[in-house]
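Notes for the one structure printed next.
Chain A is the first sequence line, chain B the second, and so forth, proteins listed ahead of strands; every chain is numbered from 1. Here the structure is a predicted model, which is why all the values come from computation and not from measurement.
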Amino acid sequence: MRLPFRFNLTLGLALVTLVILGAVFAPLLTPHDPILDADLMNSEMAPSWDHWFGTDSQGRDVFARVLYGARVSLTIGIVAQAINSTIGIALGLSAGYWGGWWDDTVNGLTNLMLAIPSLVFALAIMAVLGPGVVSLLIALGLTNWSWSCRITRSAVMSLKSQGYVQAARTLGYGDIRIMLTQLLPNIVGPVLVMATLGIGEAVLAEAALSFLGLGIRPPAPSWGNMLTDAREAIRSVPWATIFPGLAVFVTVLGFNLLGDGVRDWLDPRMQVRA
Amino acid sequence: MGRYILRRLLQMIPTLLAVAALIFLIFSVLPGSFAGTMTGGGRRALSPELVAQINAQFGLDKPLPVRFWDYLVRLVQFDLGTSFRTREPVVDLIAARIWPSLQLALSAMALAVTVGIPLGFLAAMRPGSLLDSITMIFAVSGLSMPQFWLGLLLMYVFALQLGWLPSFGYGGGQLRNLILPAIALGFAPLALLARTTRAGVLEVMGSDHIRTAMAKGASPSQMIRWHVLRNVMVLIVTTMGLQIGSLLGQALVIEKLFSWPGLGSLMVDSVAIRDIPVVQGTILVIVLWFLVINVLVDVIYAAIDPRISLR
Amino acid sequence: MTIRATMGALLLAGTALCAPATWAQEVQRGGTLNFTAPYGSSVGTLDVTASAEVQTEIVAHAMHRSLYKWNPETGKPEPDLFTDVTVSDDGLVYTYKLRTDAVFHNDKPFTADDVIYSYNRIATPATASPSANFISRIQGFDDVQGGSATEMSGLKKIDDHTLEITFTASQDPGFDLMQNYVPIYPSNVEGDTQATQPVGLGPFRFVEHVPGSRVSFERFDGFFGENDQPYLDRLNILIMGEAAARDVAFRNQEIDVSVLGSQQYQEYQADPALSEGLLEVAELFTRVVGFDTTRPPFDDKRVRQAVNYGIDKDLIIDRLVKGKAFPAVGFMPTTSPAFDPDAQGYAYDPEKAKALLEEAGHADGIDLPVIANQNESWGAPIVEAIIPMLDKANIRVSVEPVENAVLEDRITGGNFTAFIWSLSSGPDPLNILRCFYSKTAQSACNYTNFSNPEVDRLYEAAQQERDEAKRNDLIRQADGIIREEAPYWFFNYNKAVMAYQPWVHGLRGNPQELAIQDYDKIWIDDTAPADRKPQ
Amino acid sequence: MSGPLLDIRGLTIGIPNRNGPPVQIVRDLSFDIMPGEIFGLVGESGSGKSASALALMGLNRRPLTTLKGQAFYGGQDLLAMSRRSMRKLRGNRISMIFQEPMTALNPLARIGSQIAEMFVLHRGLSWSDARPKAVEALAAVQVPDPEGRARAYPHQLSGGLRQRVMIAMAMACRPDLLIADEPTTALDVTVQAEVLRLIRELCEREGTAVLLISHDLGVIAQMCQRVGVMANGRLLELRDAKALFTDPRHPYTQGLLAALPRLGSRAVEGRHRLADLDMAIDRDAPDFAKTYLRPRGEAA
């Protein structure tokens with residue numbers, strides 16, 4: 001049975017939109033403050049009309065924390081990946097275009113970054129910088145650009161010999177201008193797909209680092225530290241772990257499906273098959 | 001081929017040295033010190049003399065460039081130094097952990113291969129169908145859960161509720177103990193493999209030579225056996241290699257959660273107590289593993305694809 | 001509301017402490033115990049003299065013995081490797097009659113040489129042993145540390161089983177020499193091999209260490225214990241740092257004992273079956289937020305008191321710590337002999353907190369940044385809970401979460417405004433009072449840079465006082481001043497809780513550290529799972 | 001020669017559209033092919049030639065669908081046949097060669113086994129029996145050193161050789177009909193003629209009919225007895241080749257021929273020149289082909 005629409009793309013887009021809307025309109029969606037509305041008398045209350053997702057061990061509203069946590073997690077995911085993509089594209093473009101010793105250098109750097117597992121690298125950076133959003137952005141933004149770089153570089157290598165690039169060069173366009181106006185638009189597709197997947201990875205990495213004790217600073221809510229804090233209470237206070245867990249799941253699933261969907265969409269071959 | 005491998009192995013040396021330098025640099029600015037952790041968490045006070053003794057014993061009183069030089073000199077003699085914490089050679093500590101680590105990584109990979117690749121095939125047979133979507137969403141969900149969360153869920157369901165498997169620990173390294181952490185670790189590479197396989201199958205199925213094979217009158221099963229599998233493998237091998245290569249490093253959360261005595265948990269512990277030689281040693285081993293696997297992948301690549309020659 | 005640490009709490013702890021031991025059931029011999037080491041995911045070294053980790057101590061206690069041993073019931077050190085001791089009139093020279101029936105795992109009989117060897121080894125600067133503090137009062141220690149001697153002059157062998165030790169201060173050496181960190185090693189074994197192939201004279205003999213997973217032992221037949229102890233044939237110490245995993249394993253009956261956090265404490269109490277097997281003890285740890293008393297505005301006593309008044313610690317202990325702690329009155333814990341049962345702690349009074357703050361000239365409020373680790377009962381989560389409370393008193397609290405290694409470095413280095421930590425407050429109250437003596441370095445344990453002439457005077461007097469009751473009285477007076485001066489927010493005294501399976505007997509509530517158990521006194525009955533029960 | 005080998009009636013191919021009539025790529029195409037005949041289908045790219053050929057083989061890919069029509073082969077309708085019986089015909093009775101010999105071969109399999117596959121599939125031979133037959137088939141298409149080439153991989157062969165391999169594969173089971181979809185378009189000019197000659201010779205020898213699809217009038221003229229002209233999915237004109245080239249009736253065909261610059265006044269001159277050229281390569285070419293040769297290099 002064939003589905004009548006692009007299932008992955010649609011579902012992914014829907015999930016991601018849901019999460020983004022939740023993050024943006026958090027103050028409108030819940031009357032509770034995620035940090036200061038802490039009443040220990042109301043701790044660990046089951047979901048109710050007042051507290052849709054219940055309350056956590058500090059008596060804070062889990063729904064509010066999931067919503068505001070979306071801001072933190074999405075910021076970390078998107079900004080960290082934006083840093084990664086920017087570094088990857090800049091290095092990949094210039095290396096592929098100029099070649100020579102610069103290419104060799106970038107290549108060596110890429111291989112180096114690939115060889116050190118990004119979580120290990122991020123862990124080390126977090127240990128140096130200490131917990132916090134900015135540290136996380138640096139730790140996750142500097143450790144995962146090698147793929148975007150590789151893809152960009154190989155795309156540029158095959159593109160730069162093509163007619164229109166040659167034409168631009170004979171027209172006397174500068175190197176930077178050629179890279180930005182002639183090459184960049186042609187590699188945006190695959191890099192976008194990589195970035196979508198990378199956002200999901202960054203959200204997960206934040207959770208993993210929180211588990212290892214190197215996440216963001218409490219009491220600010222992030223899904224990673226909500227999960228980590230409540231993991232021992234999984235049987236008696238399940239709502240404190242299940243909802244942030246679901247939030248991570250939905251978000252990462254959404255970005256993954258979106259990435260897959262965009263890839264299928266950009267590559268029509270994937271759709272038309274015997 | 002022997003020469004090729006030798007040359008590739010030699011080429012690793014600069015990368016390893018660069019990694020070593022990078023790690024050294026990062027950990028030289030790391031706040032906190034090993035001596036500081038010797039208070040046993042507020043249990044006892046350390047005299048400044050003792051702190052000085054400890055630092056002197058590990059050469060931490062020397063200036064940074066001297067320490068780096070000493071480190072390099074030892075490194076080229078395959079000496080990873082001595083652990084601050086256990087005062088044993090780091091090589092010994094790593095040796096004790098490497099087999100459990102490999103066991104976990106390889107079984108996670110085995111799981112990923114045996115489930116992920118068939119799933120990818122299944123999805124690719126009917127692209128755009130409900131089956132495809134369900135299969136891929138299942139696979140992608142493996143990429144969408146924090147590892148420790150997945151591990152905890154597995155623990156609760158299979159160890160506690162069903163009582164089928166032990167919840168933690170290495171035991172004697174039996175299969176029973178291995179299953180849950182392997183699933184928790186293998187789910188993400190499984191998903192990646194399923195995805196790569198699907199894309200690979202679709203790409204191969206769309207290629208001209210498959211049309212030729214159909215024009216020849218081959219049945220779908222003959223076509224898959226003779227013309228798809230091998231070609232898809234070329235595309236899958238890279239993903240597999242990258243995954244195997246990076247699993248040692250990805251395992252740290254799972255190893256901590258399941259009390260699995262691998263390199264990852266050794267590294268995390270050592271970072272926590274600032275046992276820097278061990279941290280450096282484990283990272284180097286993890287990187288070395290990645291590089292060796294990469295060479296292996298290239299060799300396998302050449303074996304599958306006649307167009308590639310090892311030069 | 002007045003906080004009054006009642007004797008009830010003490011008694012409660014006391015009964016729980018004895019409960020498993022008093023079951024009138026025939027002791028069964030044999031079987032395997034799966035004990036847990038809950039403080040991390042590995043045991044660093046097996047040589048406890050090279051470590052300050054409780055994990056190592058848990059392991060070492062199975063195979064090693066020290067000169068003295070700790071008696072949890074009396075709260076005092078008592079003889080272990082000696083049968084008799086005579087003390088000189090000045091209280092500096094101790095002559096020990098050593099045990100004649102003790103044998104090492106390598107069949108070497110225990111003699112005075114082993115004690116001399118072991119202590120000298122710790123004192124040698126080359127070993128950089130963190131245990132050195134515990135033997136620093138033996139005469140000649142400084143010479144060995146300084147390199148001018150290789151052996152401490154205060155250790156004198158009279159004969160094989162008579163040993164004379166000269167100390168430099170008249171304090172009871174038992175508290176130091178009972179430590180598991182100063183074990184007696186056989187003098188005929190190279191010290192370095194203790195890290196991998198430990199040999200001791202304790203009840204269990206080392207079999208195997210699977211790093212990061214477990215340490216296994218078997219019964220040592222030559223152990224000197226009474227009643228032909230130990231009872232168990234085998235002992236596995238399983239390394240399980242992750243509490244959630246430990247919980248599953250315990251419920252799954254894969255492990256025989258587990259140390260509980262507050263969350264599980266609450267859950268286990270609520271479970272009719274699990275609540276039967278809980279061992280609780282008031283541990284000698286005081287949880288505090290410490291201020292740098294030299295740093296404004298916390299150099300003002302009123303500001304520190306305002307913090308103490310501004311926090312509803314009962315509520316935090318009740319809801320967040322889930323009853324797994326006793327509210328703190330002052331620094332000395334309820335189980336300390338220097339505890340003052342009549343003392344009143346700071347009650348929750350936000351108005352008074354505000355007033356004090358205004359009085360101190362901070363009407364527009366102050367900032368209180370706290371460095372904290374991740375610990376659920378004395379780390380960032382506690383600070384999170386006081387944020388909204390102190391917010392009402394105009395004190396703006398923020399958390400700076402740091403790793404343990406950094407926390408300890410910053411506290412000992414004085415690099416903080418405030419920190420939250422768990423501090424040892426026992427077993428020797430005099431030793432604890434030293435941490436409030438103005439001449440004690442911040443890095444040693446006077447973390448708050450506390451300085452009060454009256455406390456100094458009381459400490460010096462207590463040091464000289466040979467009578468225990470009078471000494472404790474002096475310490476109690478000093479504790480009162482400390483409570484008033486409030487260098488800390490006194491939060492709680494730890495209640496340690498251990499869960500044990502119904503077939504486990506002979507656990508004792510050790511207020512020093514519950515996870516350190518006398519394995520030789522533990523036995524299991526035949527209701528244990530088949531792979532572990534006595535045959 | 002009793003009746004056509006393949007009789008196509010009203011073949012219509014298009015993309016089904018949920019909300020309206022389907023988009024038609026090929027409309028109501030009807031023609032037949034006689035046994036042993038070389039039938040040419042000519043038209044611009046996108047005119048529906050290839051889609052029609054693939055439809056006959058049942059190889060069109062979604063969303064392209066055969067909407068209606070019949071194609072009778074030996075009394076059976078190819079378009080209504082079960083997949084299984086279609087598979088039995090494919091490669092065996094009706095085979096096909098493609099435009100792009102670079103990619104039409106499996107890059108990871110040896111030439112020999114790719115040809116041998118035909119014998120395994122349709123003759124029921126074991127792989128070990130099929131391999132020598134593959135070498136014979138390579139020899140039959142005049143590949144030098146067939147033994148060695150059988151062990152080679154496609155990337156080790158030149159374009160012309162690869163197309164020969166394709167022909168060997170297609171002719172391995174001596175089919176009744178060979179569908180050649182732009183068989184020489186991707187090849188060098190000099191190789192083109194050799195490949196065309198090879199096809200013609202083999203088919204003459206085996207009595208195989210050919211459906212030759214090309215946008216290149218020269219190729220068509222050189223090879224075919226009858227020609228159909230397609231444009232925009234329709235068959236405009238179906239004539240005897242000689243008649244078509246000398247007296248095109250449909251304005252489109254006229255235009256097509258007129259668009260070839262040397263077919264006007266100077267055509268004869270050009271034709272002779274080329275005939276000479278071609279004679280130099282191919283002395284035994286049949287007369288009619290020489291007559292309609294057109295200058296090479298005009299293929300566009």
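Only the side chain of L153(B) comes within contact range of chain A, judged by heavy atoms closer than 4.5 Å. With a 4.5 Å cut-off on non-hydrogen atoms, I210(B) does not touch chain A at all. In this structure, chain A has a heavy atom under 4.5 Å from the side chain of I283(B), while its backbone stays farther away. Only the side chain of L242(B) comes within contact range of chain A, with at least one heavy atom under 4.5 Å from a heavy atom of that chain. In this structure, the portion of L152(B) lying under 4.5 Å from any heavy atom of chain A is its side chain and not its backbone. Heavy atoms of L291(B) lying under 4.5 Å from chain A belong exclusively to its side chain. Residue R195(B) touches chain A through its side chain alone, counting heavy-atom pairs closer than 4.5 Å. Contacts between V19(B) and chain A at a heavy-atom distance below 4.5 Å involve backbone atoms as well as side-chain atoms.
At a threshold of 4.5 Å between non-hydrogen side-chain atoms, the residues V128(A) and F27(B) do not count as touching. Side-chain contact between L112(A) and V287(B) is absent, with no heavy-atom pair separated by less than 4.5 Å.
Heavy-atom proximity under 4.5 angstrom to chain B picks out W147(A) from residues 129-150 of chain A. Interface residues of residues 115-124 of chain A toward chain B, defined by a heavy-atom distance below 4.5 Å and sorted by number: A115(A), I116(A), P117(A), L119(A), V120(A), F121(A), L123(A), A124(A). Taking 4.5 Å as the heavy-atom cut-off, the residues of residues 242-261 of chain A that approach chain B are I242(A), G245(A), V248(A), F249(A), V252(A), L253(A), N256(A), L257(A), D260(A), ordered by number.
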- Check against side chain to side chain contact (heavy atoms under 4.5 Å, CB included), I234(A) and W149(B): CA-CA 10 Å; I234(A) 190 167; W149(B) 173 241; 3.8 Å; yes
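Residue A208(A) comes nearest to V253(B) through the heavy atom pair CB-CG2, 4.0 Å, listed as atom of the first residue, atom of the second, then distance. Of all heavy-atom pairs spanning L204(A) and M145(B), the tightest one is CD2-C, 3.6 Å.
Across I137(B), L247(B), L284(B), the residue that shares the most heavy-atom pairs under 4.5 angstrom with chain A is I137(B). Annotation: maximal heavy-atom pairing with chain A below 4.5 Å, among S141(B), S246(B), G32(B), occurs at S141(B). When each of A18(B), P31(B), A191(B) is checked for heavy-atom pairs under 4.5 Å with chain A, P31(B) comes out on top.
Listed by first and then second residue, the salt bridge (Lys or Arg N to Asp or Glu O under 4.0 Å) pairs involving residues 274-285 of chain B are R274(B)-E403(C) (not counting sequence neighbours).
Atom NZ of K256(B) and atom CZ of F211(A) lie 7.0 Å apart (nearest 0.5 Å). Taken from CZ in R231(A) to CG in L257(B), the straight-line distance is 8.0 Å, to the nearest 0.5 Å.
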